[in-house]
Amino acid sequence: MKEIILCKYGEISLKGANRSYFEKMLRDILKRRTAPYGNFKIYSMQSTVYIEPLDEDADIDSAYRIAKNTFGISAINRAIETEKNMEAILNTVRTQFMPYIEDAKTFKVEAKRSDKKFPLTSPEISAEVGAVILEESHGRKRVDVHNPDVAVRVEIRDYAAYICAGQERAIGGMPVGSNGKGLLLLSGGIDSPVAGFMIAKRGVKLDAMHFESFPYTSERAKEKVLALAEKLTEFTGEIHVHIISVTEIQEVLRDTCEEDYFTLLLRRFMMRLSERTAKSFGCDALITGESLGQVASQTMQALGVTNSVVECPVFRPLIGMDKEEIIRISREIDTFETSILPYEDCCTVFTPRHPRTRPELFKVEREEAKVDVQALEDAAFATLETVVIGRK
Ligand code: ATP
Ligand code: MG
């Protein structure tokens with residue numbers, strides 16, 4: 001039996017003249033991502049990418065999982081490939097396909113012919129396949145065309161026919177890299193991994209930026225962030241995590257500036273350092289997990305104060321989302337359990353007792369003028385180290 005994975009594109013199919021460029025990109029990504037699981041041939045035809053195992057050792061289960069989590073694919077299924085004639089199709093249904101629909105009590109058959117020269121029409125194919133399934137199920141299954149447990153699909157393509165049970169939703173979005181590269185500010189919390197996921201889904205390749213404050217933050221806090229990046233690689237492929245120490249900045253701010261402004265001042269440093277890192281590594285936007293009003297530093301005025309130190313675009317995909325919605329996504333992408341591990345973040349180290357929720361820019365700048373911004377920024381930037389995480 002020859003099994004094959006069929007992936008349907010999502011938005012790529014709307015891309016008109018550029019479509020083949022996106023298709024190739026998606027194929028290249030799938031090639032890289034399935035490579036650890038064996039030999040697969042990957043090709044596209046008729047709005048579908050085919051992932052075909054080339055030998056017995058190829059791990060089709062893992063290839064299926066990774067393809068389902070590859071941005072650019074909107075629906076996916078496993079199909080049995082068979083010769084393109086009715087006898088072979090019916091024989092395959094009879095001898096190989098029944099286990100695929102074991103659990104279904106009701107079914108319908110949908111046939112699709114992209115080869116219009118095939119001698120039977122789609123309804124005729126459906127009727128014949130349906131009859132064989134009924135016969136083989138010995139009265140345990142019946143047809144329900146409106147609300148079946150499973151829709152059996154028979155597709156007659158140019159070179160072969162495919163039989164499959166249902167179709168699963170895949171992750172959707174655009175192939176990673178088709179929309180440039182961005183720098184995700186990744187803390188150890190719940191929000192930033194979700195923000196990264198959402199922007200990556202739009203086809204953006206991610207680098208990550210993490211600020212540590214050793215010894216105020218622990219080695220384990222950093223490991224947690226790397227673990228979160230690793231979780232994201234399931235969807236994004238390899239991530240370069242850039243780590244900068246802001247310990248000295250925090251200490252100088254603590255010793256020099258008014259406490260109420262600590263967080264804002266630190267965040268302005270983080271934004272400057274992020275922009276500088278972004279430029280050094282070819283990223284054209286910053287991405288944060290900020291959500292309007294969630295904490296004092298995420299009011300409209302506070303965001304204005306932190307945003308004003310950078311020129312590059314800052315994407316905040318969670319800006320209008322409730323915490324519950326964010327948590328739902330973080331569970332779906334499996335970052336939640338890691339995010340809630342109780343290690344401190346540098347933002348929580350010197351948290352002011354009364355942070356400013358409606359800061360005025362001139363007052364922030366007045367506090368900031370008490371320190372040598374450029375020297376502190378340069379010294380912090382010199383601590384940058386890069387860790388490469390995960391699979392291609
Ligand atoms: P998160 O759950 O992502 O930690 P949060 O609600 O705790 O977010 P803040 O701590 O105010 O919010 O941080 C807001 C955003 O700033 C984060 O989503 C992240 O993008 C960025 N950020 C915060 N701390 C760090 C850090 N130590 N390193 C890198 N980015 C950070
Ligand atoms: Mg945080």
Side-chain angles (χ1 to χ4, degrees), residues 182-200 206-214 216-229 231-232 239-247 249-250 262-278 283 285-299 302-303 305-307 309-310 314-319 321-327 329-331 333 335-352 355-357 359 380 383-387:
L183 184 66
L184 169 66
L185 278 71
L186 185 60
S187 65
I190 295 169
D191 303 327
S192 43
V194 172
F197 171 82
M198 289 178 68
I199 294 297
L206 297 182
D207 269 18
M209 170 90 258
H210 178 66
F211 297 100
E212 63 169 0
S213 189
F214 193 76
Y216 303 104
T217 59
S218 64
E219 192 61 27
R220 288 206 300 191
K222 181 160 105 187
E223 279 162 18
K224 173 184 171 180
V225 168
L226 297 179
L228 285 171
K231 292 274 183 193
L232 285 176
I239 296 182
H240 292 218
V241 184
H242 310 292
I243 301 170
I244 286 181
S245 167
V246 288
T247 307
I249 294 176
Q250 288 194 289
F262 281 177
T263 309
L264 284 171
L265 294 173
L266 174 63
R267 296 195 64 79
R268 280 161 67 91
F269 273 103
M270 285 171 34
M271 294 301 273
R272 290 188 188 99
L273 287 161
S274 298
E275 184 172 52
R276 193 157 159 184
T277 306
C283 302
L286 304 182
I287 301 146
T288 78
E290 288 157 319
S291 168
L292 193 61
Q294 197 188 76
V295 288
S297 59
Q298 296 175 26
T299 63
L303 290 172
V305 162
T306 46
N307 205 94
V309 294
V310 293
V314 181
F315 297 152
R316 299 180 175 87
L318 312 187
I319 199 72
M321 287 172 67
D322 294 345
K323 197 76 187 186
E324 274 173 42
E325 299 173 70
I326 298 168
I327 289 175
I329 300 176
S330 82
R331 285 188 196 280
I333 64 174
T335 52
F336 183 74
E337 296 300 329
T338 308
S339 289
I340 59 174
L341 294 173
Y343 304 124
E344 63 298 317
D345 179 64
C346 71
C347 284
T348 55
V349 176
F350 301 116
T351 311
R356 293 290 158 132
T357 52
T383 68
L384 187 145
E385 53 157 341
T386 300
V387 181

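Whatever order the structure lists ligands and atoms in, that order sets their numbers, starting from 1. Fair warning: this is a prediction, and the values are worked out from it, not measured in the lab.
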Measure across K224 and T338 and return the closest heavy-atom pair with its distance rounded to 0.1 Å. CE-O, 3.2 Å
Nearest atoms (heavy-atom pairs only) where P193 meets L232: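 Closest approach of P193 to L232: O-CD2, 3.5 Å.
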In ligand 1, which numbered atoms sit nearer than 4.0 Å to a non-hydrogen atom of [X]?
| X | result |
| --- | --- |
| G289 | 17 (C), 18 (O), 20 (O) |
| D191 | 1 (P), 2 (O), 3 (O), 5 (P), 6 (O), 8 (O) |
| T288 | 20 (O) |
| S297 | 11 (O) |
| M209 | 29 (C) |
| I190 | 2 (O) |
| M270 | 22 (N), 23 (C), 24 (N), 25 (C), 31 (C) |

Could you work out, for atom 12 (O) of ligand 1, the closest of H210, Q298, Q294, K323 by heavy-atom distance?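 Residue with the shortest heavy-atom distance to the ligand atom: Q298.
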Under 4.0 angstrom from ligand 1, any heavy atom of R267? yes
Would you say I287 has any N or O atom under 3.5 Å from an N or O of ligand 1, going by distance alone? no
Is the shortest N/O to N/O distance between F211 and ligand 1 below 3.5 Å?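 In this structure, F211 places an N or O atom under 3.5 Å from an N or O of ligand 1.
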For ligand 1, does L184 get within less than 4.0 Å through its side chain, its backbone, both, or neither, judged by non-hydrogen atoms? neither
Is there a side chain to side chain donor-acceptor pair (under 3.5 Å) between S187 and S192? Walk through the geometry before answering. CA-CA 6 Å; S187 65; S192 43; 3.1 Å; yes
Within the side chain of S330, is there an N or O that forms a donor-acceptor pair under 3.5 Å with the backbone of V194? no
Whether the side chain of T247 engages the backbone of F214 through a donor-acceptor N/O pair (distance < 3.5 Å, no angle test) should be reported. yes
Is there a side-chain contact (heavy atoms from CB on, under 4.5 Å) between I244 and R276? Walk through the geometry before answering. CA-CA 12 Å; I244 286 181; R276 193 157 159 184; over 6 Å; no
Going through the checks in order, is the side-chain contact (heavy atoms from CB on, under 4.5 Å) test met by E212 and V225? CA-CA 10 Å; E212 63 169 0; V225 168; over 6 Å; no
About how many Å separate OG of S274 and CZ of R267, when rounded to the nearest 0.5 Å?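 Rounded to the nearest 0.5 Å, the CZ-OG separation comes to 9.0 Å.
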